[in-house]
Amino acid sequence: MTEPIELTLFSESRLDPKPHNGLITYNPTIELFAGAAGPKALHIWRSNGQVVTKSSQRDERDSLETLRWKADGQFLAVGWSDGVVRLMGLETNKAVHQMPICDAGKSRITCIGWARNNAGRRSGSASATSSVLSEELVSHDLFPSGKKAAADLPRELTFLEVETALPKLSPLPASGGSGDDSFVFTTRASLEFLFQPFSAHDSDKVDVMIVGTNDGQIHISIYDSFVIGTFQYGLQQSVGNIPLHLCHHASHPDLSTHILVFKPSGEPKTSTMYLVPIDLTFIYSSPENLSLLASKTTTLQKLLRYIKQVQIHMMHEWQSTRDLPSRFLNNINHTLRESEKHSEMTIGQAMYHAVVTGHTFPEVREWLVDQLAERGHKRWDKAVVSGLQALRSFVHENFLPALDRIGIILSRLLGIARFHESKAETGFTSTQITRLMDIVSCLMLVGNKILLIVMEELELFQSFSIWLRHEIDRLASSSGTDELTEKEVTMEHGKILAYIQQYMPASPLRYYLSGIPADESEKGRQQAESGNSLLELLTKQLKKQDSGQSDQGAFSQVEFLCSYLDNKANVIFEGIAEAEKRSVRFGQPTAVELEHSISKFDVTISAVSKSDISRAVTYTALVTEGSESVYVFRTTMGVLNGISGSVTTEVSCMILGDGKVLDLKFIYDNSLLVLWAQKDQPLRIIRIPHKSDDLGYRPYTSGSKVTPHVLNNDQVTSVFRTFIVPCESGFVPVQMEVKEARSERGKIPPRACLLGNDLQTYKVFALPEDLFGEAARH
């Protein structure tokens, strides 16, 4: 008889408030937990109880539906009742991505699966060798006896990151933005987290997210936020279409075929579930640069969101430089129109007259001394100077650097498009990318024009502001002084007159930063679609503006260009998604039908590869209500060129003594952990080697009766390795989560996480890693 091993308590927490619907999960790589603190709030905290993030939605009716950590622990996917999955980063308490999945009220999110796949066909050692950069080979002294490994230079050039040589993007102010992204780009930490450089080590990895809803919709995306598409799944049977919803997802890194677990919709309890293979053949058959393509397009999407927020800030700052001065000028213009002598004169003409002759009209004098005065001048000066300086910073530190990065990404995409021009697998063409680059060139030109105009307007306004303050002081003084005369001598009257003529009534920045009507925008789009280069159309418009001709066309407006760039980029994103979507198919379903309702279950996949043919072996472990039988279904199917074939199913069933099965979970590739409670005995975890043929697997057809193997308590503890869970007698777990050992940020052992039946006691126990054999060392 094998002696049981007592587990070590790794951490313990007291949850307050209780997690809504038992929604709590442990980060796979670091000691970080996430849970639903009540139905409407998300909390992320450390093992010591320190809360890192508190998050809720503006609409108080929205509640949490499901949680899922990314495989590397960098993001948390949160499904809300408004039908949106929001991705939370570790460095910010705001959602860095938002993916609409379904319409609120019509359907709801039931499951989020997030897995990492190895992309493309594998040749074993060749691929492993090429994935290591030559500089790392040198630094790690991996050349025995002076022999050097052959570095894959084309591959290294493919994944060379140029963006790391560029200055980092600057964060945006917390106020002044708009929409869901208004706070996403406001801290340095969130920017660095969002725009992490692409790692060559991840060049053959594809992160896949699968989200299911209760109406049978399956939403697939890759690389955090790049949407592939939505698929409808339902079973056609003689009784009609059976509505299903996704309740679980399982995958294996070396298989592009995933397993989806469906349950009948609308039934809180069910004795039937369906295992459905979904073949993501674009992962298997994709070119090697799928990871590059997907990561670059995802980064491009983030940059477009960033540019949109910068554009909003730029327009807001420019508007702030015009609002207050316009009110001042409108007041005096109204006064002049009502006067008998100067009804045809504007304040600009009156100021020009005052600068040239030194004479100030009585109405203007009264306005300067009594209405504007020193306080009004300070407000005017602050509004214009601070607004123009902020606008200059936005263009110089945010707008142009982001466009530089977009230009580099587009050049990479252009290379991919040209390389695959004869094929439809990429979903976009070099012509489309060239069009995007044309729009970016226009934005670069407009950005530099804005920068030049802002610098000139700022210089001219400062001269005008000095003169205006001088006029107010001179007119308010009962008699002139030498000091005022000296000030007047040092003034640059040419700049003052230039500002009054060219900038005060209407700044040239209006050609770039004022909003345009919808009809003008549509007219501009039609002209841009006529086949002419947008840069040529913009150049012609700028020449007209520079020559003094009135041209309010759309091509120089930042808002129009950003919107046009966004629309054209979305066409490319949709083309890429459509190309990948054609490579998604559902395989042969397997129905698991039992006599009693299923209370707990888990699914895992193993892969057995031989040349081009792989076998996907799916293990489904479950326990039913009113029965202490543990069922393990073994479903085997061939996978050829990424496409699943026929399915055979076997089953093993065991009754584990007189104990009660509280939960069960797979860990690593070789172990099923069963949380087992006996009366008046310590709580135990039983490790079942589910791959072993000694379990007595027998052929299974849907609905057939399964005869269990009955084990007494002594047989359970002697046949299987058991672990004693040290805890007080009143602690009864209601759910278990298991995590494998990780070492990305310090060594963390395998863990079993138990939530007590009071929904507040949460214990994490360390599992002995060496007992899981070779599987735990990979």
Side-chain angles (χ1 to χ4, degrees), residues 83-87 95-103 178-182 184-185 194-195 209 211 219-231 282 290 292-312 399 402-403 405-414 416-417 420 424-444 516 518 521-522 524-531 534 554-555 557-582 584:
V84 177
V85 170
R86 293 174 173 87
L87 305 189
V96 295
H97 297 298
Q98 303 203 46
M99 293 188 291
I101 303 297
C102 57
D103 295 329
S178 177
D180 295 326
D181 289 334
S182 55
V184 173
F185 307 105
L194 276 171
F195 296 103
M209 177 185 288
V211 183
H219 183 278
I220 301 176
S221 58
I222 60 175
Y223 285 94
D224 304 337
S225 62
F226 189 84
V227 176
I228 298 298
T230 301
F231 305 83
F282 65 86
L290 169 68
L292 178 67
L293 171 63
S295 65
K296 292 304 176 188
T297 49
T298 302
T299 304
L300 179 57
Q301 287 177 324
K302 298 174 191 174
L303 286 169
L304 291 175
R305 292 164 54 200
Y306 180 80
I307 283 284
K308 176 65 177 176
Q309 292 301 313
V310 175
Q311 170 233 313
I312 292 171
F399 191 67
L403 291 174
R405 290 172 178 266
I406 290 176
I408 291 174
I409 289 176
L410 291 178
S411 68
R412 303 291 288 271
L413 296 180
L414 181 62
I416 293 174
H420 298 282
E425 59 186 8
T426 58
F428 62 95
T429 65
S430 58
T431 303
Q432 290 175 302
I433 300 298
T434 303
R435 190 68 172 171
L436 279 186
M437 297 177 81
D438 191 37
I439 303 172
V440 172
S441 298
C442 292
L443 282 167
M444 292 286 287
I516 57 173
S521 178
E522 182 58 32
R525 289 179 190 277
Q526 292 175 0
Q527 285 182 271
E529 298 290 344
S530 63
L534 187 61
F555 304 126
Q557 292 288 347
V558 174
E559 184 179 23
F560 169 79
L561 290 173
C562 287
S563 176
Y564 193 50
L565 175 65
D566 202 43
N567 288 340
K568 288 298 180 185
N570 283 334
V571 171
I572 291 177
F573 298 149
E574 289 169 4
I576 297 172
E578 189 60 35
E580 311 299 1
K581 190 175 181 179
R582 291 193 293 266
V584 177

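If you read the sequence from its start, that first residue is 1, and numbering goes on from there.
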Write down the atom of [X], the atom of [Y], and the distance for their closest heavy-atom approach.
X	Y	answer
Ile312	Ser178	CD1-CB, 3.6 Å
Gln98	Ala95	CG-CB, 4.3 Å
Gln311	Cys562	OE1-CB, 3.7 Å
Phe555	Gly524	CE2-O, 3.4 Å
Leu410	Ile433	O-CG2, 3.3 Å
Leu194	Lys302	O-NZ, 2.8 Å

From [X] [atom1] over to [Y] [atom2], what is the distance, rounded to the nearest 0.5 angstrom?
X	Y	atom1	atom2	value
Leu443	Leu561	CG	CG	4.5 Å
Leu565	Leu303	CG	CG	10.5 Å
Ser295	Leu300	OG	CG	11.0 Å
Glu580	Leu293	CD	CG	7.0 Å
Ile409	Gln301	CD1	CD	10.5 Å
Met444	Phe399	CE	CZ	9.0 Å

Does the pair Arg435/Glu529 count as a salt bridge with the N-to-O cut at 4.0 Å?
no
Contact between [X] and [Y] at the side-chain level, heavy atoms closer than 4.5 Å - yes or no?
X	Y	result
Val184	Tyr306	no
Ile572	Leu413	no
Lys581	Ile220	no
Lys308	Leu304	no
Leu436	Phe428	no
Leu414	Met437	yes
Thr434	Thr429	no
Gln432	Val571	yes

Set out, in order, the CA-CA distance, both residues' side-chain angles and the distance that settles side chain to side chain contact (heavy atoms under 4.5 Å, CB included) for His219 and Cys102, then state yes or no.
CA-CA 9 Å; His219 183 278; Cys102 57; over 6 Å; no
Cation-pi check, Lys296 to Tyr223: give yes when NZ or CZ is under 6.0 Å from the six-membered ring centre and within 45° of the ring axis, no otherwise.
no
Are Val310 and Phe185 close enough, and set up right, to give a side chain to side chain contact (heavy atoms under 4.5 Å, CB included), and what steps lead you there?
CA-CA 10 Å; Val310 175; Phe185 307 105; over 6 Å; no
Any donor-acceptor pair under 3.5 Å from Ser563 side chain to Phe560 backbone:
no
Donor-acceptor under 3.5 Å (Ser530 side chain, Gln527 main chain):
yes
Val85 and His97: side chain to side chain contact (heavy atoms under 4.5 Å, CB included), yes or no, with the steps?
CA-CA 8 Å; Val85 170; His97 297 298; over 6 Å; no
From CA spacing to verdict: side chain to side chain contact (heavy atoms under 4.5 Å, CB included), Met99, Val211:
CA-CA 10 Å; Met99 293 188 291; Val211 183; 5.6 Å; no
Might you work through the side-chain hydrogen bond (donor to acceptor under 3.5 Å, both in side chains) test for Thr299 and Arg405, ending with a clear yes or no?
CA-CA 9 Å; Thr299 304; Arg405 290 172 178 266; over 6 Å; no
